[in-house]
Amino acid sequence: MRHDILELFDADPTVLHLNTGAFGMVPRTVRAAQQRWSDRIEANPVRFFRLECHDELQQVRHRVTDFLGVQTDSVALIRNVSEAVGVILDAIDLRAGDDIVVSDHGYPTVALAAGTRGAAVRTAPFGIDASDAEIAAAFAAQVGEHTRLVVVDAVTSPAGLELPVRAVVEAVAPVPVFVDAAHSAGTTELDIEPLGAAFWATNLHKWCYTPRGTGALWTAAPWRDRALPAVTSWTSYKGYPGAHDFPGTVDFSAMLAIPDGLDFWAAHGGLEIARRNRELLSVGSELVHRRLAMAFPGDLPGFDPSWPGRAAPGMRLVPLPDGLIESADDAAEVYERLSDRGIECPPAFWGGRSYLRLGSGLHVDELDYDRLAETLVATLRGLFA
Ligand SMILES: Cc1ncc(COP(=O)(O)O)c(C=O)c1O
């Protein structure tokens with residue numbers, strides 16, 4: 001672990017944090033900035049909420065649109081992508097008799113949210129090694145006459161794959177597309193408007209070092225009038241995006257500290273962080289695979305460190321030995337045992353195979369994957385010997 005970097009965070013230095021894409025890591029300076037906002041609010045809450053917070057939040061929103069490279073009024077501040085899903089399903093007025101298309105790599109909450117509105121969910125299946133054309137065709141094949149929305153994850157959560165968003169948008173046109181870009185901000189060059197999607201939402205708290213509960217929803221112009229907050233507050237008359245700034249009285253300190261998170265990201269290399277993560281993961285995944293192959297000879301598929309070809313910068317799959325983890329429950333059990341031993345790195349069971357999803361971050365170095373491999377082998381032996 002790079003201790004000089006870890007010192008910038010309050011994260012437990014005895015734990016190996018290899019899943020920062022899940023809930024992010026908030027630097028001390030950003031937590032301090034959030035605390036300063038909290039102190040300022042507390043000093044005179046009435047003045048802050050009546051006179052000050054609206055301009056402050058608008059400035060934050062403008063900073064976020066600059067960061068995302070989009071027009072000022074195209075982005076609403078949201079707490080997370082889950083919140084964006086609710087806004088979007090309301091905007092398209094999804095109801096019983098309609099359906100949406102997701103993939104079998106998609107984050108599950110959007111299908112759950114469609115279900116609560118009585119809509120059906122059609123699932124596009126494709127393998128980890130599928131080509132762009134195969135992925136686009138898998139989505140297009142599920143589109144039917146009642147399809148109201150296609151949801152494509154720019155980076156998938158279970159396998160950490162980058163999907164060909166533009167090809168999917170073209171393949172399913174004219175059905176509107178929601179791009180779940182929860183992992184995109186801070187990890188990849190963004191070019192949102194030309195994607196041709198109707199909605200695009202990202203978390204900032206995953207990879208941009210902002211406080212938890214900070215994200216952004218971009219909406220294409222024709223949909224903005226309908227993309228309103230779930231909560232009607234006394235600023236609802238502002239419409240999109242201003243109405244999203246103020247969902248009634250909440251703690252705004254996280255939102256207001258977004259610029260400090262973005263400053264931290266930029267000061268530590270910006271997209272260079274993601275490039276380094278990618279390189280580290282090539283080395284780390286090969287190392288973990290080698291150690292697994294020595295410990296479990298004969299049960300491990302071969303491995304090329306650049307696999308899967310469409311791996312996202314901050315996450316990488318390594319296949320686990322056959323016959324050990326055979327269900328999502330087994331994977332959850334191994335996760336818990338690894339966590340007990342101070343390792344945060346999720347195993348997954350997917351398409352009949354098991355994997356470990358390695359992560360990386362500014363604080364990680366090559367030796368961390370050594371420790372991961374050693375603990376993983378001991379854990380698997382302990383559970384499945
Ligand atoms: C692809 C994807 N979409 C959506 C989410 C939901 O994020 P949140 O819980 O911050 O709303 C996640 C969280 O990990 C994710 O990986």
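Both counts, for ligands and for their atoms, begin at 1 and track the order of listing.
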Per-atom contacts, ligand 1 versus Asn80 - under 4.0 Å to a heavy atom: 8 (P), 10 (O), 11 (O)
Any donor-acceptor pair under 3.5 Å from Thr20 side chain to Ser360 backbone: yes
Proximal ligand 1 atoms for Val155, defined as those under 4.0 Å from one of its heavy atoms: 1 (C)
Any donor-acceptor N or O pair under 3.5 Å, side chains Arg357, Asn19: yes
Close-contact set for ligand 1 against Asp153 heavy atoms, below 4.0 Å: 1 (C)
Pair Asp180-Trp200, side-chain donor/acceptor within less than 3.5 Å: no
Identity and distance of the protein heavy atom lying nearest atom 15 (C) of ligand 1: Tyr107 CD1, 3.3 Å
Under 3.5 Å side-chain donor-acceptor pair for Gln59 and Asp55: no
Heavy-atom nearest neighbour in the protein, as seen from atom 3 (N) of ligand 1, with distance rounded to 0.1 Å: Asp180 OD2, 2.6 Å
Numbered atoms of ligand 1 (with element) below 4.0 Å of Ser157, judged on heavy atoms: 16 (O)
Mode of Glu83 contact toward ligand 1 - side chain, backbone, both, neither (heavy atoms, under 4.0 Å): neither
Ser82 neighbourhood, listing ligand 1 atoms whose heavy-atom distance to it stays under 4.0 Å: 6 (C), 8 (P), 9 (O), 11 (O)
Main-chain N/O of Leu161 paired with Thr156 side-chain donor or acceptor, under 3.5 Å: yes
Nearest heavy-atom neighbours spanning Ser103 and Phe139: CB-CZ, 3.5 Å
Heavy atom of the protein closest to atom 16 (O) of ligand 1 (residue, atom name, distance): His183 NE2, 2.9 Å
Proximity of Phe252 and Phe246 rings by center, below 6.0 Å: yes
Identity and separation of the nearest protein heavy atom to atom 14 (O) of ligand 1: Lys206 NZ, 2.5 Å
Heavy atom of the protein closest to atom 10 (O) of ligand 1 (residue, atom name, distance): Asn203 ND2, 2.9 Å
Per-residue contact class, Thr109 against ligand 1 - non-hydrogen pairs under 4.0 Å: neither
Residue Gln35 excluded, over 12 heavy atoms near CD under 6.0 Å: yes
Under 3.5 Å side-chain donor-acceptor pair for Ser339 and Glu344: yes
Contact atoms of ligand 1, heavy-atom distance to His205 under 4.0 Å: 10 (O)
